[in-house]
Amino acid sequence: MIQVIDAFLGILALYLILGLAFSIYFYARGASKIDEGTKGTPWHFKLIILPGVVLLWPSLFIKLFKRHD
């Protein structure tokens, strides 16, 4: 049982680390590609949406890099 918990916590940590890494790119370039209203927003707006970006990074990643045919 402990191995299962350790594996779960390792996967969760990896997921959150990838989310934090994605959030850096997302704030630098990606947010304005998805929503132009985020261009030039202050730092406290970015701080408010940080938990959502970290937790929902796979969805935002797909939306950001989806090809428009």
Side-chain angles (χ1 to χ4, degrees):
M1 183 66 174
I2 291 179
Q3 291 92 1
V4 173
I5 294 171
D6 285 341
F8 175 76
L9 291 177
I11 292 169
L12 180 64
L14 179 62
Y15 182 86
L16 294 176
I17 289 169
L18 288 172
L20 282 172
F22 174 76
S23 70
I24 294 168
Y25 175 78
F26 184 75
Y27 288 140
R29 293 199 167 81
S32 61
K33 289 181 182 177
I34 293 176
D35 184 3
E36 291 184 16
T38 61
K39 191 177 282 187
T41 56
W43 65 270
H44 55 274
F45 170 76
K46 295 174 182 173
L47 186 64
I48 289 171
I49 66 168
L50 177 67
V53 172
V54 170
L55 292 176
L56 299 174
W57 73 266
S59 174
L60 292 170
F61 181 85
I62 291 169
K63 189 170 186 172
L64 187 61
F65 293 108
K66 185 177 180 182
R67 292 189 180 245
H68 298 286
D69 295 332

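Numbers here simply count residues along the sequence, with the first being 1.
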Without placing hydrogens or testing angles, list every side-chain donor-acceptor pair under 3.5 Å for residues 19-28, not counting sequence neighbours.
from, atom 1, to, atom 2, distance (Å)
Ser23, OG, Leu20, O, 2.6
Tyr27, OH, Lys46, O, 2.7
Tyr27, OH, Leu50, N, 3.1

Verify, without hydrogens or angle tests, whether Thr38 (side chain) and Asp35 (backbone) share a donor-acceptor contact under 3.5 angstrom.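 Side chain of Thr38 to backbone of Asp35, a donor-acceptor pair under 3.5 Å: yes, one is there.
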
Under a 4.5 Å side-chain heavy-atom rule over Ile, Leu, Val, Met, Phe, Trp and Tyr, are [X] and [Y] clustered together?
X     : Y     : value
Leu55 : Val53 : yes
Ile11 : Ile2  : no
Leu56 : Ile62 : no

Please write out which residues are connected to Ile17 in a hydrophobic cluster, directly or through intermediates, given that two of Ile, Leu, Val, Met, Phe, Trp, Tyr count as joined at side-chain heavy-atom separations below 4.5 angstrom.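 Answer for Ile17: none, a lone residue.
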
Determine which pairs satisfy ring-ring contact (aromatic ring centres under 6.0 Å, His included) with at least one residue from residues 33-54, sequence neighbours left out, and list them in order.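 ring-ring contact (aromatic ring centres under 6.0 Å, His included) check on residues 33-54 returns no pairs.
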
Residues in ring pair (Phe, Tyr, Trp, His ring centres under 6.0 Å) with Tyr15, at least two apart?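 Testing Tyr15 for ring pair (Phe, Tyr, Trp, His ring centres under 6.0 Å), a comparison that skips the adjacent residues, returns Trp57.
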
Would you mind telling me which of Leu18, Leu16, Leu60, Ile49 makes a side-chain contact (heavy atoms from CB on, under 4.5 Å) with Val54?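 When Leu18, Leu16, Leu60, Ile49 are each tested with Val54, the side-chain contact (heavy atoms from CB on, under 4.5 Å) holds only for Leu16.
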
